[in-house]
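This structure is a prediction, so every number in the text was calculated from the model and none was measured. We're numbering straight along the sequence, starting at 1.
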Amino acid sequence: DSAEVARLIRATHFPHSHPADDLEAIIQDADLLQGIEPDGDRFRDGLTRETGVPALVDFPHIDMLNTQHARDRHGRRFRRE
């Protein structure tokens, strides 16, 4: 329903809060994984506009991911904090 969708969208607001459930954990990971795509600079620019704080070039860090699946599948593409 629309309340659930709105809740999940709010979960992507950065800085991320601790996820309340598995769905929030997954949506936050998906949000962060945009930063390691080939056009990740576009994501970081948007994040800078959202927060008013410049995103670091090596953002995000693997330690920011919530789920083991995301860490296992994409971990090799990250630098450690």
Side-chain angles (χ1 to χ4, degrees):
D1 70 18
S2 62
E4 180 72 353
V5 171
R7 177 182 77 86
L8 294 173
I9 290 170
R10 282 191 302 276
T12 67
H13 182 75
F14 199 82
H16 291 161
S17 59
H18 183 75
D21 57 29
D22 289 343
L23 288 176
E24 284 189 10
I26 292 166
I27 198 80
Q28 287 178 359
D29 283 356
D31 190 43
L32 287 172
L33 288 169
Q34 294 177 80
I36 64 169
E37 292 302 316
D39 63 346
D41 56 331
R42 187 177 60 92
F43 169 75
R44 287 185 294 278
D45 290 345
L47 186 60
T48 297
R49 284 192 301 280
E50 181 179 326
T51 65
V53 177
L56 301 173
V57 173
D58 62 347
F59 176 86
H61 298 282
I62 190 172
D63 300 326
M64 299 173 84
L65 295 173
N66 295 302
T67 65
Q68 190 62 50
H69 175 80
R71 287 188 294 275
D72 291 346
R73 183 172 174 107
H74 301 286
R76 67 188 178 286
R77 297 172 65 192
F78 283 87
R79 282 199 232 169
R80 290 232 173 238
E81 222 172 346

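- Applying the under-4.5 Å side-chain rule to Ile, Leu, Val, Met, Phe, Trp and Tyr, the cluster around L23 extends to L8, I27.
- Here the side chain of Q34 pairs no donor or acceptor atom with the backbone of G40 at under 3.5 angstrom.
- Rounded to the nearest 0.5 Å, atoms CZ (F14) and CD (Q28) are 9.5 Å apart.
- F43 and I62 fall within a single hydrophobic cluster, where Ile, Leu, Val, Met, Phe, Trp and Tyr are joined by side-chain heavy atoms under 4.5 Å apart, directly or via other members.
- Taking every heavy atom of both residues into account, I36 and P60 meet most closely at CG2-CD, 4.2 Å.
- Residue pairs that meet the salt bridge (charged side-chain N to carboxylate O under 4.0 Å, His left out) test with at least one member in residues 23-32, sequence neighbours left out, are R7-E24.
- In this structure, L65 CG and I26 CD1 are separated by 12.5 Å, a value rounded to the nearest 0.5 Å.
- Summarising the geometry, atom CG belonging to D39 is positioned 9.5 Å from atom CZ belonging to R44; distances are rounded to the nearest 0.5 Å.
- Nearest heavy-atom pair across P19 and A25 is CB-N, 3.5 Å.
- In this structure, the side-chain contact (heavy atoms from CB on, under 4.5 Å) partners of D72, at least two apart in sequence or on a different chain, are Q68.
- Put simply, the side chain of D1 gets close to the backbone of E4: a donor and an acceptor are under 3.5 Å apart.
- In this structure, the separation between CG on N66 and CG on D22 is 10.0 Å, given to the nearest 0.5 Å.
- Interatomic distance, H13 NE2 to H16 NE2, rounded to the nearest 0.5 Å: 9.0 Å.
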